Structure formats: structure tokens, C-alpha cells
Asker: 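Supplied in C-alpha cells, the structure appears directly below.
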Amino acid sequence: MARIELNGCVGHAMCNVAAPDVFDLDDDGYCIPPAAEISDIVRQQAIAGVKACPERALTLVDE
């Protein structure tokens with residue numbers, strides 16, 4: 001299992017484009033990281049979303 005850490009999102013929303021089943025956006029277009037741990041089922045999608053962030057504001061942390 002893993003979780004997402006968010007630091008410094010500026011609202012590009014590329015995480016949501018790459019991984020819409022993992023990353024939601026708030027009303028202003030900023031990332032809302034998943035509240036729950038990332039399951040193995042969506043792990044590859046989560047990695048794609050993290051890599052898509054131009055600010056490198058997201059980190060996938062293995063538990």
C-alpha cells in the first residue's frame with residue numbers, strides 16, 4: 001500500500017488528467033489527494049498522476 005503526499009500544488013490539474021480515478025480536484029482546480037491508501041489496483045495510475053505533475057508537488061510514499 002501507499003499514500004500520496006501533497007506539497008505545493010499550483011493547480012495545473014495534470015494529475016487528474018493522467019489519473020482521474022485517483023486524483024480529484026477542488027472547485028479551484030487544485031489537487032485533492034486520496035484520503036485512503038492507494039491500493040495495488042490503481043497504483044500504476046497513481047504513479048502516472050504523480051509523474052504528470054509539472055511542479056513535482058505529489059509524492060507516492062510506500063508504507
Side-chain angles (χ1 to χ4, degrees):
M1 293 293 220
R3 61 184 168 80
I4 299 290
E5 288 185 355
L6 176 64
N7 295 308
C9 176
V10 296
H12 292 291
M14 298 307 295
C15 58
N16 179 260
V17 170
D21 294 333
V22 178
F23 298 100
D24 289 321
L25 302 176
D26 68 13
D27 292 339
D28 295 319
Y30 290 89
C31 176
I32 302 170
E37 291 183 348
I38 304 298
S39 70
D40 291 337
I41 296 168
V42 294
R43 182 179 177 82
Q44 291 303 316
Q45 199 177 136
I47 290 168
V50 168
K51 287 182 177 181
C53 179
E55 300 296 326
R56 299 295 177 240
L58 300 167
T59 307
L60 183 68
V61 180
D62 288 318
E63 304 257 318

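A quick note: this is a predicted structure, and the numbers were derived from the prediction, not measured.
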Asker: Roughly how far apart are Lys51 NZ and Arg56 CZ, rounded to 0.5 Å?
Answerer: 9.0 Å
Asker: Could you check whether any side-chain heavy atom of Leu58 comes within less than 4.5 Å of a side-chain heavy atom of Phe23, counting everything from C-beta outward?
Answerer: yes
Asker: What are the two closest heavy atoms between Cys15 and Ala52, and how far apart are they?
Answerer: N-CB, 4.5 Å
Asker: State whether the side chain of Gln45 and the backbone N or O of Asp21 hold a donor-acceptor pair below 3.5 Å, judged by distance alone.
Answerer: yes
Asker: What are the two closest heavy atoms between Ala18 and Ala48, and how far apart are they?
Answerer: CB-O, 3.8 Å
Asker: Quick check: is Val42 connected to Leu6 through a chain of hydrophobic side chains (ILVMFWY, heavy atoms under 4.5 Å apart)?
Answerer: yes
Asker: Would you say the side chain of Cys31 lies within less than 4.5 Å of the side chain of His12, judging by non-hydrogen atoms?
Answerer: no
Asker: Please check if Ile47 and Ile38 belong to a single hydrophobic cluster, counting links between Ile, Leu, Val, Met, Phe, Trp and Tyr side chain heavy atoms closer than 4.5 Å.
Answerer: yes
Asker: For Glu5, enumerate each residue passing the salt bridge (charged side-chain N to carboxylate O under 4.0 Å, His left out) test, keeping only those at least two apart in sequence or located in another chain.
Answerer: Arg3
Asker: Give a yes or no on whether the backbone of Asp28 and the side-chain of Asp26 come within a donor-acceptor separation of less than 3.5 Å.
Answerer: yes
Asker: Of all heavy-atom pairs between Cys9 and Ala57, which one has the smallest distance, and what is that distance?
Answerer: N-CB, 3.7 Å
Asker: Is any side-chain heavy atom of Arg43 less than 4.5 Å from a side-chain heavy atom of Val22?
Answerer: no
Asker: Given side chains that start at C-beta, do those of Ile4 and Val50 come closer than 4.5 Å, heavy atoms only?
Answerer: yes
Asker: At their closest point, which heavy atom of Ala46 faces which heavy atom of Ala19, and how far apart are they?
Answerer: N-CB, 4.5 Å
